[in-house]
Amino acid sequence: MKSTKALVKVIPAKPAEPNLAPLVREILEKLGEDPARDGLVNTPVRVDKALKFLTSGYATDIRKLVNGALYDVKYDEMVVVRDIEFFSLCEHHMLPFYGKMHVAYLPKAKVIGLSKIPRIVDAFARRLQIQERLTQQVAQTIQEMIDPVGVGVICEARHFCMMMRGVEKQHSGTMTSSMLGAFRSHKETRDEFLSLVRKQQAW
Ligand SMILES: [Zn+2]
């Protein structure tokens, strides 16, 4: 008879995650705060949890995430997923930047499940990032996964590190784009993508 004890041994224990709470407590102290006061007493634990969630993209296996959602098709029209909301942290200040991403590709022989595209965006957004790299990583991942005729990604974002520190006006946004394959070489393809992104939402 197999005992449960033996089973437990076979499953390796998950390596302990570093606990950031003591470090956060130290930051609070260095800021001149009293980490023991009512409002702050649980803050280090909350910050630890929040930071781990906001950087959980490092642990995401993109291949696993997409696995099973790649389909062979004879479809050669542009696929566009607009207005994908994302939230990320800038790697220079560890302050949030957030916005929308528009992703398009022209299939060659494969398409990717539509719901997977926002999940790819999340996997890269939930890391310490710069907007340019985030935009490129999403485009390159789709390129690698389905080898399409081309990929286009446009990212519009607002950065708290600029807004809160008074570096830039409150309402100015930053745009980045990554165009691969036909989206880079063919103006008509790029223009079609841009016009689809700019179109008013019909619902
Ligand atoms: Zn920043």
Side-chain angles (χ1 to χ4, degrees), residues 17-35 37 39-62 65-66 80-105 116-145 151-180 183-184 190 193-194 197-198 201:
E17 288 179 334
N19 178 13
L20 305 173
L23 299 172
V24 177
R25 212 165 287 126
E26 207 180 317
I27 290 172
L28 289 171
E29 269 169 22
K30 295 249 157 87
L31 290 172
E33 265 292 356
D34 170 15
R37 73 174 170 84
L40 291 179
V41 74
N42 292 319
T43 298
V45 173
R46 287 193 208 101
V47 174
D48 171 74
K49 267 194 192 157
L51 279 176
K52 279 175 184 160
F53 174 75
L54 296 175
T55 57
S56 58
Y58 290 119
T60 307
D61 182 335
I62 305 284
L65 188 156
V66 172
V80 184
V81 183
R82 288 192 350 178
D83 300 320
I84 303 168
E85 237 181 18
F86 73 88
F87 299 88
S88 190
L89 288 177
C90 89
E91 69 182 17
H92 300 135
H93 305 91
M94 291 178 73
L95 286 172
F97 69 98
Y98 71 101
K100 280 192 255 176
M101 242 191 235
H102 314 292
V103 176
Y105 65 92
K116 297 295 180 181
I117 292 176
R119 295 186 62 193
I120 293 171
V121 171
D122 278 345
F124 288 107
R126 287 179 191 154
R127 301 175 186 204
L128 300 183
Q129 275 290 10
I130 60 170
Q131 187 181 335
E132 294 87 336
R133 187 174 61 223
L134 172 60
T135 310
Q136 280 170 350
Q137 284 174 330
V138 171
Q140 278 161 7
T141 299
I142 293 168
Q143 177 68 43
E144 280 166 30
M145 290 289 163
V151 187
V153 176
I154 294 174
C155 177
E156 310 171 51
R158 289 203 177 144
H159 293 249
F160 275 60
C161 61
M162 294 200 280
M163 291 156 70
M164 294 179 77
R165 300 184 314 135
V167 179
E168 215 176 74
K169 298 276 177 244
Q170 290 286 330
H171 298 291
S172 59
T174 311
M175 285 191 73
T176 48
S177 69
S178 178
M179 303 285 165
L180 305 177
F183 284 72
R184 179 174 280 273
R190 206 162 50 234
F193 175 35
L194 294 177
V197 165
R198 286 197 198 109
Q201 236 155 348

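Predicted model, so just to flag it, every value in this text is computed and none were measured. Each ligand, and each atom within it, is numbered from 1 in the order the structure gives.
The pair Arg25-Glu29 does not meet the salt-bridge criterion, since no charged nitrogen lies less than 4.0 angstrom from a carboxylate oxygen.
The environment of CZ in Arg133 is crowded: more than 12 heavy-atom neighbours from other residues, nucleotides or ligands sit within 6.0 Å.
How far CG of Leu95 is from CE of Met162: 11.5 Å, rounded to the nearest 0.5 Å.
Of all non-hydrogen atoms in Leu65 and Lys116, the two that sit nearest each other are O-NZ, 3.0 Å. Taking each heavy atom of His102 and Phe193 in turn, the nearest pair found is O-CZ, 3.6 Å.
Counting only N and O atoms by type, the side chains of Gln131 and Thr176 include a donor and acceptor under 3.5 Å apart.
Only protein N, O or S atoms were scored, and 3 of them lie under 2.8 Å from the Zn ion (ligand 1).
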